[in-house]
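Owing to the predicted nature of the structure, the values given are computational and were not obtained by experimental measurement. Here is the naming used below: chain letters follow the sequence lines, and residue numbers restart at 1 for every chain.
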Number of protein chains: 2
Amino acid sequence: MSKTTNPNFMNGVPELLILRLLKDHEMYGYELVQAIRTVTHEAISLGEGVVYPVLHALEKDGALKSRRKAVSGRTRVYYTVTPAGQKRLTHLVSNWTKLNDVIASTLNGGAYASLAI
Amino acid sequence: MSKTTNPNFMNGVPELLILRLLKDHEMYGYELVQAIRTVTHEAISLGEGVVYPVLHALEKDGALKSRRKAVSGRTRVYYTVTPAGQKRLTHLVSNWTKLNDVIASTLNGGAYASLAI
DNA sequence: GCATTATACCTTGAACCACGAGGTATGCAA
DNA sequence: TTGCATACCTCGTGGTTCAAGGTATAATGC
């Protein structure tokens, strides 16, 4: 009777990164794709197929707000974080940090000592 | 033409935890399910539906070795890490650490300063 | 003596996310 | 004028994780 209560505990990292980057600067999708690559020194490389859907979902949820802006003939859609988005970001960061701590301590083996074997 | 080169960059954490725990002690599936819960202080709770398939896959890949053992009428399947599994663990840990570092530095905002804006 | 819980193994179907590939369109450089 | 970079988007696939179910034995509770 497996009783797990983690709703997909590892997911949502793209969302986390995107919210975090947008918190500092208003950005548009295409820019984000490259910013993530640059910021993570190529370690993480999210394609447009990941970024755009996340952006749309976050806006639909009220975590982001967008405005269209014409730049030299092309249209860019700039996104900014709403107060709701800010709250969501805080929550995601705290979750990630917690998760990370327990994984790190498990890898270091320290936590296992607490087990009664 | 999105060009991403991360084959599902966030996955494989259950595998990582299982290999890490088995490295210290020979364990059986049901025991692992609870060990993970205990070790992570309930932060991560992998069900049997996660653990058993991972165990089978790892054994099939030669990363684990199993032996059946009868304990008070019940049969337990104990798993140990093979040299190949040890190598795999090392690799997974290094990947996880690297990934983690870039995410952490992104969250801290330090990395963004390296962007030419 | 009987029912429930804990132990111990397992599989399966759905859900979800990330991915790659494709599609449209404009501007600029070779 | 051909190609590449910019800039937006969607869709189908695939791989993981999930909950829920199934089987069977031992121990505990009433």
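- Between B:Arg74 and A:Arg74, the residue anchored closer to the 5' end of DNA chain D is A:Arg74, taking for each the nucleotide with the nearest heavy atom.
- Residue-level contact check: A:Val77 touches the backbone only, with heavy atoms under 4.0 Å from sugar-phosphate atoms and none from bases.
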Next on the checklist: Apply side chain to side chain contact (heavy atoms under 4.5 Å, CB included) to residues A:Asn95 and A:Leu99 and explain how you reach the verdict.
Outcome noted: CA-CA 6 Å; A:Asn95 272 17; A:Leu99 202 61; over 6 Å; no
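- Side-chain proximity of A:Leu46 to the nucleotides C:dC19, D:dT17, C:dA18 is greatest for C:dC19.
- In this structure, B:Val13 reaches the sugar-phosphate backbone alone: every heavy-atom distance under 4.0 Å involves primed, P, OP1 or OP2 atoms, never a base.
- Although no hydrogens or angles enter the test, the distance criterion places no donor-acceptor pair under 3.5 Å between the side chain of B:Thr82 and the main chain of B:Lys65.
- Note on B:Tyr28: a side-chain N or O is less than 4.0 Å away from OP1 or OP2 of C:dA8.
- For the pair B:Ser94 (side chain) and B:Thr90 (backbone), a donor-acceptor distance under 3.5 Å is absent.
- Rounded to whole Å, atom C1' of C:dT7 lies 8 Å from atom CZ of B:Arg76.
- Electrostatic pairing of B:Glu31 and B:Arg76 does not count as a salt bridge here, judged by no charged N lying under 4.0 Å from a carboxylate O.
- Note on A:Tyr52: every side-chain N or O is 4.0 Å or more away from OP1 and OP2 of D:dT10.
- Atom-to-atom, CG of A:Leu16 to P of C:dC17 comes out at 14 Å; the value is rounded to the nearest Å.
- Regarding B:Glu48, its CD atom lies at a distance of 9 Å from the C1' atom of C:dT7, rounded to whole Å.
- Atom-to-atom, CZ of B:Arg37 to P of C:dA6 comes out at 12 Å; the value is rounded to the nearest Å.
- Remark: C1' of D:dA7 and NE2 of A:His56 are 12 Å apart, rounded to the nearest angstrom.
- The distance from atom CG of A:Leu55 to atom C1' of D:dT10 is 15 Å, rounded to the nearest whole Å.
- Taken to the nearest 0.5 Å, the CG atom of A:Leu92 stands 13.0 Å off from the CZ atom of A:Arg20.
- A close approach under 4.0 Å does occur between a side-chain nitrogen or oxygen of A:Tyr30 and OP1 or OP2 of D:dT6.
- Two residues, A:Ser72 and A:Glu15, neighbour DNA chain C, and the one matched to the more 5' nucleotide by heavy-atom proximity is A:Glu15.
- Computed from coordinates, the B:Gln34 CD to C:dT5 C1' distance equals 13 Å when rounded to whole Å.
- Taking atom NZ on B:Lys69 and atom P on C:dC9, their separation rounds to 12 Å, with Å as the unit.
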